[in-house]
There are 2 protein chains.
Amino acid sequence: MHASRTCGTRTPPASEGLSRRRAGRPFAAILDKTRITSAALEIIGRKGYDGLTMAGLAKQLEVAPSALYNHVTAKRDVLQLAEDHLISMVDVSLFGRAPWEEAARIWAWSYRDVFAQHTSLIPVIAVLPVTNAPQTLEMYETVTRAFAAAGFPQNLIVSSIVAFESFIFGSAYDVTAPDDIFEAGSTVDSTPHFRAALKAGRVNERPADTAFELGLEALIAALARSLC
Amino acid sequence: MHASRTCGTRTPPASEGLSRRRAGRPFAAILDKTRITSAALEIIGRKGYDGLTMAGLAKQLEVAPSALYNHVTAKRDVLQLAEDHLISMVDVSLFGRAPWEEAARIWAWSYRDVFAQHTSLIPVIAVLPVTNAPQTLEMYETVTRAFAAAGFPQNLIVSSIVAFESFIFGSAYDVTAPDDIFEAGSTVDSTPHFRAALKAGRVNERPADTAFELGLEALIAALARSLC
DNA sequence: ACCTGAACACCGTTCAAGT
DNA sequence: ACCTGAACACCGTTCAAGT
């Protein structure tokens, strides 16, 4: 992966011209979607979503920015490629091998954790047609099969998945919230009830986890009822 | 509101120089946060979040772009002002006047509807310290008081509100998803279970509403149990 | 078919200068 | 105190030209 950094001691000769391999044939393709995706993920991991620019991506790939547009039609495409790769990191391994509740629990937690580190992609996935996202489609297939096998009524499966996902995406944002997000800060306290509840609820040093568990277990428990 | 459009037939004299009122005193302030907020909301409503630029905002206010920076430190501030105004449109009127379940239901639906029209502000609110958002703080106070009055254990209130909000924000995105988001489109169908479930679940022409109701009622039902 | 180089039409933000 | 005008350091994207 990303061979351009720290690969041995190779120091690219700055003034020797292009060092790119060229076959005898007219052209050796330099770019493809796979290389673009992994370079994009590398940059996002290192500098965040705001640090991902088409110019920076091109630089990482040692290519002119305009060259990218031979493989993607817009920056949005790059984000969609990254998103689909991210989905493959979600843990669906327990579906079909453990009770439905337990498999859904592991799936939801890992789904949230993956996107908590990439909240900028949430607006992308939320509107992304799965047509262009094979990994995403595969996840839906796996989850659907498990829900059906667990005894869910056929007509409730997609709605249930969407409900889970909505909660997961919203909760992913919550993970990234600053610790002092609820600090009222005013000298005069016009929100005594809220402040008291805030104090009483601070039992965990990871409040986002407490809220996620509460909501997730509520969803699982209520949906499990439509099984029998 | 926004007096600069269609106010009578006033045609501003283009070549007569500044027509801005100036008192005898050194200066008449032209900008303030209120004017900036309402102008921003007007632009967002007309052209969406992507259409909101500092230059466009300045133009709407008949001012140089740099003038804005006397009142806000960055564009983020403008978005936070808009967000706080949006919160005041959420319906909290039933809290304290109706059973907890019913009040929470109305609150959640209106909260989702408001942000479904402004999904671009979700990343803003999710990380916005309430210190700078008086309306948001007021909503939390109202909701907290009602939850406490309904008999919620003090230490669960904030987590419950956060769980609701997470589900609401995620669901707001879902409203904006294109209708064909789940169209697999491939000739060979590698996702038969998912496709079948999709077909069976399409009972409503507003699938986002079906999923939201399912999840919301699950949350309400499960949380109501911690009351008694 | 695929890449380069130059250009276009924007962005948000800063800052000296004015009043 | 608050505004203007000019400038800065970027953006994403297009397109004629090369090979």
Nearest listed nucleotide, side chain of A:I30, among C:dT4, C:dC3, C:dG12: C:dC3

Axial cation check for B:F182 ring with B:K199, 6.0 Å and 45° limits: no

Side-chain N,O (A:H71) to OP1/OP2 (C:dA1) below 4.0 Å: no

Parallel, tilted or perpendicular: ring planes of B:F115 versus B:F169, cut at 30 and 60 degrees: perpendicular

Under-4.0 Å salt bridge between B:R112 and B:D174: no

For atom CG of A:N70 and atom P of D:dA16, their distance in whole Å: 14 Å

Interatomic distance where CG belongs to A:L31 and P belongs to C:dA1 [whole Å]: 16 Å

Aromatic ring pairing A:F164/A:W107, orientation class (parallel under 30°, perpendicular over 60°, tilted between): perpendicular

A:E141 side chain to B:H193 backbone, donor-acceptor under 3.5 Å: yes

Heavy-atom pair with the smallest gap, counting every atom of A:I43 and A:G51: CG2-O, 3.6 Å

Spacing between B:L61 atom CG and D:dT4 atom P, to the nearest angstrom: 11 Å

Closest to the B:S66 side chain, choosing from D:dA6, D:dT14, D:dG12: D:dA6

Between P of D:dC11 and CG of A:L52, the distance in whole Å: 10 Å

Atom-to-atom span, CG of A:D32 to C1' of C:dA1 - whole angstrom: 14 Å

side-chain hydrogen bond (donor to acceptor under 3.5 Å, both in side chains) involving B:H118 - partner list, sequence neighbours excluded: none

Nearest-angstrom distance from the residue atom NZ of A:K59 to P of D:dG12: 14 Å

Residue A:M54, side-chain heavy atoms: nucleotide from D:dG12, D:dT4, C:dG12 that is nearest: D:dG12

Gap between atoms CG and P, on B:L68 and C:dT13 respectively (whole Å): 10 Å

Paired and unpaired positions of DNA chain C as dot-bracket, Watson-Crick or G-U wobble under 3.5 Å, | denoting a partner strand: ||.|||||...|||||.||

Interatomic distance where OH belongs to B:Y69 and P belongs to D:dC8 [whole Å]: 17 Å

